[in-house]
K.L.:
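Have a look at this one before I ask anything.
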Amino acid sequence: MQLRTASRGIVALLAMLSCSAAQALSFRAYLSVDGSDSNPCSVQLPCRLLPAALNAIVDGGEVWILDSANYNTGPVTIGKSASILAVPGAVGSVVALGGPALSITASGLTVALRNLVIVPFPASGGTDGVNMTGASTLTIENSLTANLPGNGVSVTGAGKLKITHTIIRNNGGFAVQLLNGAAAEISGTQMLANAVGVVAQSTTATTTTASVTDSVISGGNVGVNAFTSFAGAVARVFVTRCTIDGTGFALASQTTGVGTASVAVSYSMITNNDYAWSQTGTGVIRTLGNNHITDNTSSSGFLTPTALQ
């Protein structure tokens, strides 16, 4: 109780410095387990659910979660630039029920999620953790996305995704799905026991890319996959300083005979997989050197040595 009181005292001081009582919308809104959506979402009178807090902030504002609890009762659509974060020590939970937990459908937004836990609500029809279809920028930091029937994070179209120091585990679909023009930078992240780790897929004449650095992918059917099925489609994945362990196919590059798919790997450990790599169609898998590819059961297709430039 003393820790909670002290934390609220700190955020109250910050609120006084950042907000004006005369403003209809605030830069910062607050959520609490004992809040009410009829409140103004101030630190003294916090709201209870995430949609109310998002409605209370200006474009580019912040939502601070003060206590450990769930903060939604259905899919939440983020329609403005915002940072949503749980204060240290609080488990800010957003649950997937009746669809994805969080959706971003608008373009031109900048959204950041920090220190959140995204999980399914039991037997509620939840799907993905975070689903972005708008051409916006999404950053996920120090968060957990786990046990979802669908994907941990899914981006379709020209959106940009950055994930750092996050755990994505035990999801029934992809840890990270990138489709038809999406671009992702993933670093310092653990993707564990998902059906598939990272996929960059183009089924239209778009370029889809992912870079995965200093991360771990373990378990599941496929670790990293680049896939195209359309003329003019491009899919590229770059893997550096990573460990891929215990998957069916660690590195997979696939085309249906059209498009350009490639996976490039350097300074990484590929071990204990059924297939170290799988190359099909005109897909290319390149090793840029200094990899440790050992103790895998088999491989399929070609691994192309390529000098670092």
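Hydrogens, waters and symmetry mates are skipped; everything else that's a heavy atom, side chains included, is used. Positions are given from 1 along the sequence.
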K.L.:
Say whether, by atom type as modelled, one donor and one acceptor occur between the side chain of Ser202 and the main chain of Ala233 under 3.5 angstrom.
P.N.:
no
K.L.:
Do the side chain of Asn55 and the main chain of Ala53 share a donor and acceptor less than 3.5 angstrom apart?
P.N.:
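No, the answer is negative, given that no donor and acceptor are paired below the 3.5 Å cut-off.
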K.L.:
Testing Leu179, Leu178, Asn180 one by one against Gln201 for a side-chain contact (heavy atoms from CB on, under 4.5 Å), which residue passes?
P.N.:
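One option only clears the test, and that one is Leu179.
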K.L.:
Side chains of Glu62 and Trp64: any donor to acceptor distance under 3.5 Å?
P.N.:
yes
K.L.:
Would you say Leu303 ends up clustered with Val212 if hydrophobic residues are merged whenever their side chains have heavy atoms under 4.5 Å apart, either directly or through other cluster members?
P.N.:
yes
K.L.:
Okay, side chain of Ser143, backbone of Leu116: is any donor-acceptor separation there less than 3.5 Å?
P.N.:
yes
K.L.:
Please report the interatomic distance CG(Leu50) to CD1(Ile65), rounded to the nearest 0.5 Å.
P.N.:
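These two atoms lie 6.5 Å from each other.
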K.L.:
Are the side chain of Ser266 and the backbone N or O of Gly289 linked by a donor-acceptor pair below 3.5 Å?
P.N.:
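No: the side chain of Ser266 does not pair with the backbone of Gly289.
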K.L.:
Would you indicate whether the side-chain heavy atoms of Ile163 and Ile168 approach each other to under 4.5 Å?
P.N.:
yes
K.L.:
Donor-acceptor pair, distance only, cut-off 3.5 Å: does the side chain of Asn273 make one with the backbone of Ile244?
P.N.:
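Confirmed, Asn273 side chain pairs with Ile244 backbone.
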K.L.:
Quick check: are there more than 12 heavy atoms from other residues, nucleotides or ligands sitting under 6.0 Å from OH of Tyr275?
P.N.:
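Incorrect, the count does not exceed 12.
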K.L.:
Nearest 0.5 Å, what's the CG-CD distance between Asn225 and Gln177?
P.N.:
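Result: 10.5 Å between the selected atoms.
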K.L.:
When you measure from the side chain of Asn291 to the backbone N and O of Ser268, does any donor-acceptor pair fall under 3.5 Å?
P.N.:
yes
K.L.:
Applying the side-chain contact (heavy atoms from CB on, under 4.5 Å) criterion to Ile118, which one of Val153, Leu144, Val130, Asn147 satisfies it?
P.N.:
Val130
K.L.:
Please say whether more than 12 non-hydrogen atoms of neighbouring residues, nucleotides or ligands are located less than 6.0 Å from NZ in Lys162.
P.N.:
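No - once you tally the heavy atoms of other residues, nucleotides and ligands closer than 6.0 Å, there are 12 at most.
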K.L.:
Check Asp37 with Arg48, please: is the shortest side-chain N to carboxylate O separation under 4.0 Å?
P.N.:
no
K.L.:
Does Phe227 share a hydrophobic cluster with Val222, counting links as ILVMFWY side-chain heavy atoms below 4.5 Å and allowing steps through other members?
P.N.:
no
K.L.:
Has Asn142 got a side-chain atom pairing as donor or acceptor with Asn115's backbone, closer than 3.5 angstrom?
P.N.:
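Pair absent, no side-chain N/O of Asn142 close to backbone of Asn115.
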K.L.:
Do Val95 and Ser93 come close enough that some side-chain heavy atom pair is under 4.5 Å?
P.N.:
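Counting from C-beta outward, Val95 and Ser93 do come under 4.5 Å.
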K.L.:
What I'd like to find out is whether the side chain of Thr228 reaches to under 4.5 Å of the side chain of Val258, using heavy atoms alone.
P.N.:
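SC-SC contact between Thr228 and Val258 ruled out.
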K.L.:
Would you check if the side chain of Asp245 reaches a backbone N or O of Thr243 as a donor-acceptor pair within less than 3.5 Å?
P.N.:
no
K.L.:
Quick check against the 3.5 Å criterion: does Thr240 have a side-chain atom that pairs as donor or acceptor with the backbone of Thr213?
P.N.:
no
K.L.:
Do Thr139 and Val111 make a side-chain contact, defined as non-hydrogen atoms from C-beta onward lying under 4.5 Å apart?
P.N.:
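No. Closest side-chain heavy atoms not under 4.5 Å.
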K.L.:
Would Arg241 and Asp214 count as a salt bridge (Lys or Arg N to Asp or Glu O under 4.0 Å) if you check the C-alpha gap in whole Å, the side-chain angles of each, and the deciding distance to 0.1 Å?
P.N.:
CA-CA 5 Å; Arg241 298 188 304 274; Asp214 302 305; 2.8 Å; yes
K.L.:
Does Asn296 reach the main-chain N or O of Ser298 with its side chain, forming a donor-acceptor pair under 3.5 Å?
P.N.:
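Between the backbone of Ser298 and the side chain of Asn296 there is no qualifying donor-acceptor contact (under 3.5 Å).
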K.L.:
With hydrophobic residues grouped by side-chain heavy-atom distances under 4.5 Å, do Val94 and Ile140 end up in a single group?
P.N.:
yes
K.L.:
Any luck finding a side-chain donor-acceptor pair between Thr105 and Ser103 under 3.5 Å?
P.N.:
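On atom types as modelled, these side chains do not qualify, holding no pair under 3.5 Å.
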K.L.:
Would a hydrophobic clustering, with Ile, Leu, Val, Met, Phe, Trp and Tyr connected at side-chain separations under 4.5 Å, put Val119 with Leu192?
P.N.:
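Looking at the clustering, Leu192 is in a separate group from Val119.
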K.L.:
Say you draw a straight line from CD of Glu185 to OG1 of Thr164; how long is it, rounded to the nearest 0.5 Å?
P.N.:
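It is 10.0 Å, given to the nearest 0.5 Å.
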K.L.:
Roughly how far, to the nearest 0.5 Å, is CG of Leu25 from SG of Cys41?
P.N.:
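If we round to the nearest 0.5 Å, Cys41:SG and Leu25:CG are 10.5 Å apart.
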K.L.:
Out of curiosity, does Leu138 fall in the hydrophobic cluster containing Ile57 (side-chain heavy atoms, cut-off under 4.5 Å, transitive links)?
P.N.:
yes
K.L.:
Find out whether Ile167 and Thr145 are in side-chain contact, i.e. whether some heavy atom of one side chain is under 4.5 Å from a heavy atom of the other.
P.N.:
no
K.L.:
Just verifying a value: how many Å separate Ser187 OG and Glu141 CD, rounded to the nearest 0.5 Å?
P.N.:
9.5 Å
K.L.:
Can you tell me how far apart CG (Asp295) and OG1 (Thr297) are? Round to the nearest 0.5 Å.
P.N.:
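OG1 of Thr297 is found 9.5 Å from CG of Asp295.
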K.L.:
Counting C-beta onward and ignoring hydrogens, is there a side-chain heavy-atom pair between Leu97 and Asn72 closer than 4.5 Å?
P.N.:
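Touching, per the 4.5 Å side-chain cut-off.
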